[in-house]
Number of protein chains: 2
Amino acid sequence: MSTSASSSPQAGSRPGGRSARVRAAVHRAVQELVADETSEPLTIPVVAARAGVHATTVYRRWGTVGELLADVATSRFSGDIVVPDTGSLRGDLERYASSLAKDLGDPDTLALVRATLGSGGEQGAAACRGERRQQIEAILERERCRGGEPPTPEQTTDALIAPLYYRAVFTDEPLSPEWTRGLVSHLLGD
Amino acid sequence: MSTSASSSPQAGSRPGGRSARVRAAVHRAVQELVADETSEPLTIPVVAARAGVHATTVYRRWGTVGELLADVATSRFSGDIVVPDTGSLRGDLERYASSLAKDLGDPDTLALVRATLGSGGEQGAAACRGERRQQIEAILERERCRGGEPPTPEQTTDALIAPLYYRAVFTDEPLSPEWTRGLVSHLLGD
DNA sequence: CCAGTATCGCACTGATCGCTGCCTTTTTGG
DNA sequence: CCAAAAAGGCAGCGATCAGTGCGATACTGG
């Protein structure tokens with residue numbers, strides 16, 4: 001080969017150096033492979049080849065497919081949803097649930113969740129959970145500051161997060177906006 | 001080897017022949033391997049070795065690990081819960097939810113669910129779902145025959161099945177009886 | 001500009017995987 | 001009881017995987 005040698009102009013000390021680029025490429029490769037759901041066995045060499053890096057690098061930085069998936073899921077679900085502030089508890093919950101439904105409704109995301117659960121163990125489950133708990137608590141806390149009496153985080157998780165995740169992961173029914181709003185209505189007592 | 005040769009008295013045309021015995025051994029091996037969660041990679045040869053059969057047999061009967069897991073999960077969740085009949089909707093739902101909580105609370109079962117989701121795809125998800133929908137509908141239908149006005153199957157799934165599955169699969173919080181009863185109470189309007 | 005260090009590419013190796021003919025053994029059906 | 005069919009055991013094939021020294025390259029602070 002011996003392409004145009006080095007000369008890559010601005011590869012220097014800025015953030016986004018080689019290490020970060022490799023990380024991004026590997027993450028993207030994992031998501032693509034998981035989404036494809038073809039016969040690709042999702043092994044380290046396959047991921048590395050698709051990412052354009054060497055398997056050695058992946059072995060050394062992540063070790064196993066499970067840890068790699070957990071890392072990808074953590075990145076994927078970190079900051080994926082901004083906690084809304086619409087001025088009312090119902091508005092906040094509806095917008096939050098809608099965002100989550102849109103997130104989990106994406107087949108690629110769903111495939112990532114399933115794969116991470118499968119080989120990521122408890123750590124993988126935590127990665128898929130993301131920051132749902134803190135986000136819910138932030139919404140409820142804001143309502144409490146408004147003087148309202150919101151439901152507990154536990155109730156909210158059971159009434160919103162759980163149905164969204166269950167329907168996405170275990171069933172093939174769509175996460176329609178009407179159904180999602182209905183969850184909020186039922187939680188807040190119609 | 002050459003143990004007591006053939007002579008196995010009743011190995012004939014009754015159900016429970018060799019084929020069924022192989023099936024049971026393979027299923028047991030899968031559950032053990034999934035439960036162990038050690039470094040065993042859960043491949044066909046490993047399963048076959050633990051089951052005491054040859055990998056060829058497993059390849060020919062199931063093909064892939066995903067299909068095998070889906071089959072095991074189907075068996076595991078088929079008939080695992082008998083729809084109760086306590087005379088009241090609340091009693092039926094509480095007993096049903098309690099049974100499901102006990103089921104999903106078992107770490108080995110949980111590991112099977114996660115693994116099946118991971119490599120079983122949509123079929124694996126359906127296997128883990130089991131007959132929940134029909135069971136719920138049976139309970140609600142019975143209440144309707146009593147003259148009551150039960151919630152819809154959708155509401156019941158969202159309020160009972162989903163939180164149980166979500167908490168079991170995605171969190172490490174226990175599925176306590178009090179919490180489970182609380183789900184029923186919230187569904188039936190306190 | 002230059003040493004020091006972390007990261008990555010490369011060339012391997014032993015082990016395992018997925019899979020396939022071929023034959024033996026069991027089960028089925030008349 | 002006996003042939004046909006189904007299922008399992010056996011040996012072995014190419015391909016891939018997980019993992020390891022070693023050298024080269026890119027980032028770091030001075």
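It should be emphasised that the depicted structure is a prediction, and the values quoted were computed from it without experimental measurement. Quick note: numbers below take in every heavy atom, side chains included, and nothing from hydrogens, waters or symmetry partners. A note on names: the letters A, B, ... follow the listed sequences, proteins ahead of strands, and every chain is numbered from 1.
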Crowded around B:R95 CZ? As in, over 12 foreign heavy atoms under 6.0 Å? no
How long is the line joining CZ of B:R61 and P of D:dG9, in whole Å? 10 Å
Looking at A:E154, I want to see if its CD is surrounded by more than 12 non-hydrogen atoms of other residues, nucleotides or ligands under 6.0 Å. yes
Any residue meeting salt bridge (charged side-chain N to carboxylate O under 4.0 Å, His left out) with B:R90, in chain and number order, not counting sequence neighbours: none
Using whole Å, report how far CH2 of B:W62 lies from P of D:dA7. 11 Å
A:E40 CD - D:dT16 C1' separation (whole Å): 12 Å
Nucleic acid footprint by protein, nucleotides 12-22 of chain C - heavy-atom cut-off 4.0 Å, B for base, S for sugar-phosphate alone: -----SBBBBB
CZ-CG distance between B:R167 and A:D158, expressed to the nearest 0.5 angstrom: 6.0 Å
Does A:F170 offer a backbone N or O that forms a donor-acceptor pair with the side chain of B:R129 under 3.5 Å? yes
Main-chain N/O of B:T86 paired with B:D92 side-chain donor or acceptor, under 3.5 Å: yes
Take the C1' atoms of the five end pairs on each side of the helix from C:dC1-D:dG30 to C:dG30-D:dC1, get both axes, and report the angle to 10 degrees. 50°
The single option from B:T64, B:T56, B:V58 passing side chain to side chain contact (heavy atoms under 4.5 Å, CB included) against B:I44: B:V58
Atom-to-atom span, NE2 of A:H54 to C1' of D:dG21 - whole angstrom: 16 Å
To the nearest 0.5 Å, what is the distance between CD on A:E141 and CD on A:E143? 10.5 Å
